[in-house]
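Residue numbers begin at 1 in each chain, while the letters A, B, ... track the order of the sequences.
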4 protein chains.
Amino acid sequence: MSDDASTAEEIMAGVYRALREHGYADLTMQDIADACSKSKSLLHYHYDTKEDLLVAFLDHLITTFERRAAAGADRPATERLAAFIAWFGFDPDETDREHFHIALLELRSQGPFNDRIRSRLQRSDRVFRGTVAEILEQGIEEGTFEPVDVQETAALLVATLDGARTRQITLDEMDVDGDTYTRTVARTVIDRVIDPMLAAGVELPDVETVEVLLPRDEPVSIAPADRMDGREA
Amino acid sequence: MSDDASTAEEIMAGVYRALREHGYADLTMQDIADACSKSKSLLHYHYDTKEDLLVAFLDHLITTFERRAAAGADRPATERLAAFIAWFGFDPDETDREHFHIALLELRSQGPFNDRIRSRLQRSDRVFRGTVAEILEQGIEEGTFEPVDVQETAALLVATLDGARTRQITLDEMDVDGDTYTRTVARTVIDRVIDPMLAAGVELPDVETVEVLLPRDEPVSIAPADRMDGREA
Amino acid sequence: MSDDASTAEEIMAGVYRALREHGYADLTMQDIADACSKSKSLLHYHYDTKEDLLVAFLDHLITTFERRAAAGADRPATERLAAFIAWFGFDPDETDREHFHIALLELRSQGPFNDRIRSRLQRSDRVFRGTVAEILEQGIEEGTFEPVDVQETAALLVATLDGARTRQITLDEMDVDGDTYTRTVARTVIDRVIDPMLAAGVELPDVETVEVLLPRDEPVSIAPADRMDGREA
Amino acid sequence: MSDDASTAEEIMAGVYRALREHGYADLTMQDIADACSKSKSLLHYHYDTKEDLLVAFLDHLITTFERRAAAGADRPATERLAAFIAWFGFDPDETDREHFHIALLELRSQGPFNDRIRSRLQRSDRVFRGTVAEILEQGIEEGTFEPVDVQETAALLVATLDGARTRQITLDEMDVDGDTYTRTVARTVIDRVIDPMLAAGVELPDVETVEVLLPRDEPVSIAPADRMDGREA
DNA sequence: AATGAATGAGTTTTCATTCAT
DNA sequence: CATGAATGAAAACTCATTCAT
């Protein structure tokens, strides 16, 4: 299995790299093949069509995120929230993080036109908002957060952080007062939205130093059944 | 010139329609030609390359927005801000508004890979944030807004509204508690961010009923220089 | 029109040549493009798919035959029948004739698998048998043929001549007693089937010397509407 | 050997089935592999190339026919001739019979382009015509047939029956007066060609009820030498 | 200004074949 | 014997762009 999984993983890594180098619109099977040092034919051996491959990649991307989010579930709510915000904009391994968002942004532009991709984007939205909502609920139970409408707040936070991230990526290096777009917006949303929500005496850990979710390079094994379906019996 | 302008306008309208029907990645010159009932050759007569055409279209899109924003500059700040928010998510002519955002979203995915497009996206960001910042300054001067960091607040509002809009478009009909994503987020941002910013006794006009920017169909003439110059630096 | 028709004609001639050089199974669009000194793209400009092109070609082939058959309709029945038989196996321009049959044979192998091709083959069968049946009826009316079952006889003659022709083509130069397969069979079918059908004193003209249908190279104009449907308006 | 033969037989059966389902032009090794529930690799283990496999299949097809024909050699000539005709068009197990002819028809279209296939088609022609010729000679010796040119008559009969069969297969369900093409033509050829050839008082057994050649399912062992030798001269 | 015809470079996909196991 | 993984070569088809008119 380790060998099989490795091929699938190499392909996923290839999509990842190719996607951020070329963008969705200019992404060719050849680009992906080059990015993982395999042949185009092999990609088609594992995934019937380009779309199948990209859909599998989206699934992979989201599943990876889910596992990372789940991995921090035992920490206090304030730390988890700080980690979530940090993941959007303060990761020291900026490059790696940015690539995740670029990949998602690129595929996102296909949402309005491709049902299969849209259904994955919807899943990713449920995962994002669900994660934040769960953190908020935990905080309210713990007494560290004032009671607020959890769904609305989650929607606001995700929209804001995602919007900031998207703008930063697409505009590249557009700074506000010498800081990145995402950092500026994240700080402001903490000041204006999150701090007022915290119970008296509670403080959000510094998003600059909080440990971001999972260690970055934990291998996420790809279940062959999920996305490998060569044509032969 | 009226005739020239009309052809250019028809082409721009064609790009607009083709872009939301096919998306950037699958947009062909033929799609655009079909959408404006012209021949591919004619598009190439006016714009040397497909990229030239799309860049001209982005310029057109942003200029149109600028004029609309400028047109409301004589209204009070609270009304202007309500109108800006409404433009993102409460326009009764939902379809038309959505198309603007789809068009922008599609081209945005090219930002990281295309300098010419990115420079236009940067301009559009300056226009968006600049408009909000100017409204905030006006409100502070008028005394209807408490003094806040104008740049930060503008960045936050634009990121939030844009993020919500983007998610709504790409996810299509993902609702939060029976409302659209954008509406939910807009209401929440008003509650948590804008209302606390208003001076005592001041109220934001209802975003559901405020008049949204400019009349939608004012013709925006397209300067020939913008579209004929072939490659730019 | 002459110019348009010329392009369509050149393409048809290219299919004709490519088909006999490569056979249906190994026929590529490139083969056809080479055979008419055009680009593959041009073929796709005029015909959306390879299948469309081949279907158009079959239509062209059958229509051409129909016109040739119709052209001899004023001759006496015995002469027409002799000409029909000669067309199958005694044409002095053997090469040209053989190509028609090779083309038909190749496409025929697709009959059981392709509805559109099969419907054309059915049309060609109606034309072949109809032509013979009409000749027989004319002969019976003229009194040169004994009354026979016209449909059955036409079916027999077409099956026999076609079967002989097919075998000759696929076996290549399989001779019976130093004559070609088709010649042998044609002579035998004249002796055993046709001669007994002739009225007393009537003789079938010599199939070796009778004039075969139409002059071979009359241009058959191809109605653009029938088979040209580029995508542009 | 029984096990070896069984694998080879399964493969031959696979070619048979795949050929009639997909046709020669669209026949892939994968189709054949699927049709015999084996892997592509196994096919290549037994036959170096696709062409080798198809040539072996043709050999198999013809050998099978030969054995069937030989098996009836002790019956009277009229019965053998009726059985031969019946085999073309009156077999109660119509489906099975039709598949033989489809398979042959499909490979036949390659005759003009492939020497190895053509040589097998020539062999099949010799077998067919030889069988009929031998029957005719036997009949003449027995005194049931009038003396006729045996070669010519055999050529005529084979061409006619084959031509009818081919048309029926490629046109599918083209009937003449409510009967199948082959039946109509077979009846007519009996009336016009065979009956006049019979000695006075002799009658051809009813082709509808005569026993057709061999029992259909006798296993035909495949000589290993035939299929293992790779390319032949 | 406008178009239809034409093309070259490239795209996804297919497929016979090979190879390691 | 038998298979799954892998690949190179080629297939149909696409598309931005050019050109003659």
Atom of A56(A), atom of Y47(A) and distance for their closest heavy-atom approach: CB-CE2, 3.6 Å
Determine the minimum heavy-atom distance between A35(D) and G14(D), stating which atoms define it.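 Shortest heavy-atom separation between A35(D) and G14(D) comes out as CB-O, 3.4 Å.
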Report the residues that fulfil side-chain contact (heavy atoms from CB on, under 4.5 Å) with [X], sequence neighbours left out, ordered by chain and then residue number.
X      : value
L19(D) : Y24(D), L27(D), F57(D), A103(D), E106(D), L107(D)
S39(A) : S41(A), L42(A)
E51(A) : T49(A), V55(A), N114(A), R116(A)

Starting from [atom2] on [N], measure out to [atom1] on [X] and report it in whole angstrom.
X      : N       : atom1 : atom2 : value
Y47(C) : dA6(E)  : OH    : P     : 11 Å
D52(A) : dT12(E) : CG    : C1'   : 13 Å
L53(B) : dC15(F) : CG    : C1'   : 15 Å
H46(B) : dA16(F) : NE2   : P     : 18 Å
I32(D) : dT17(E) : CD1   : P     : 11 Å
D34(C) : dT7(E)  : CG    : C1'   : 14 Å
I11(C) : dA6(E)  : CD1   : C1'   : 11 Å

So which one's nearest nucleotide on DNA chain F is more toward 5', L43(D) or K38(A)?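 This one resolves to L43(D).
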Tell me, which pairs form a salt bridge (Lys or Arg N to Asp or Glu O under 4.0 Å) where one or both residues lie in residues 28-43 of chain C, sequence neighbours left out? E10(C)-K38(C)
Distance from D59(B) atom CG to S119(B) atom OG, nearest 0.5 Å?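 D59(B) CG to S119(B) OG: 7.5 Å, rounded to 0.5 Å.
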Side-chain N or O of Y45(A) less than 4.0 angstrom from OP1 or OP2 on dA6(F)?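 So the side chain of Y45(A) is outside the cut-off, no N or O lying under 4.0 Å from OP1 or OP2 of dA6(F).
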OP1 or OP2 of dC15(E) versus the side-chain N and O atoms of H44(A): is any pair under 4.0 Å? no
Using the side-chain contact (heavy atoms from CB on, under 4.5 Å) rule, take H99(A) and Y16(A) through it: C-alpha gap first, then chi angles, then the decisive distance, then the call. CA-CA 8 Å; H99(A) 293 166; Y16(A) 202 70; 3.7 Å; yes
Taken in chain and number order and not counting sequence neighbours, the residues that satisfy salt bridge (Lys or Arg N to Asp or Glu O under 4.0 Å) with R17(A) are none
Sequence-distant partners of R118(A), salt bridge (Lys or Arg N to Asp or Glu O under 4.0 Å), two or more places apart: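 So R118(A) forms a salt bridge (Lys or Arg N to Asp or Glu O under 4.0 Å) with D115(A).
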Might you list the N or O atoms of the protein lying below 3.5 Å from N or O atoms in nucleotides 8-11 of chain E, with each pair's distance?
| unit_1 | atom_1 | unit_2 | atom_2 | d |
| --- | --- | --- | --- | --- |
| dG8(E) | N7 | S41(C) | OG | 3.0 |
| dG8(E) | O6 | S41(C) | OG | 2.2 |

Under a 3.5 Å cut-off on both pairing distances, which runs of 3 or more consecutive Watson-Crick or G-U pairs involve DNA chain E?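 Correct response: E:2-21 with F:2-21.
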Can you list, by residue number, the residues of residues 109-120 of chain C that have a non-hydrogen atom closer than 4.0 angstrom to DNA chain E?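 Contacts with DNA chain E under 4.0 Å: none.
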Go through it in stages, so that I can follow the logic: the residues are I11(C) and L53(C), the test is side-chain contact (heavy atoms from CB on, under 4.5 Å), and I'd like the CA-CA distance, side-chain angles, deciding distance and then a yes or no. CA-CA 9 Å; I11(C) 293 176; L53(C) 173 53; 3.8 Å; yes
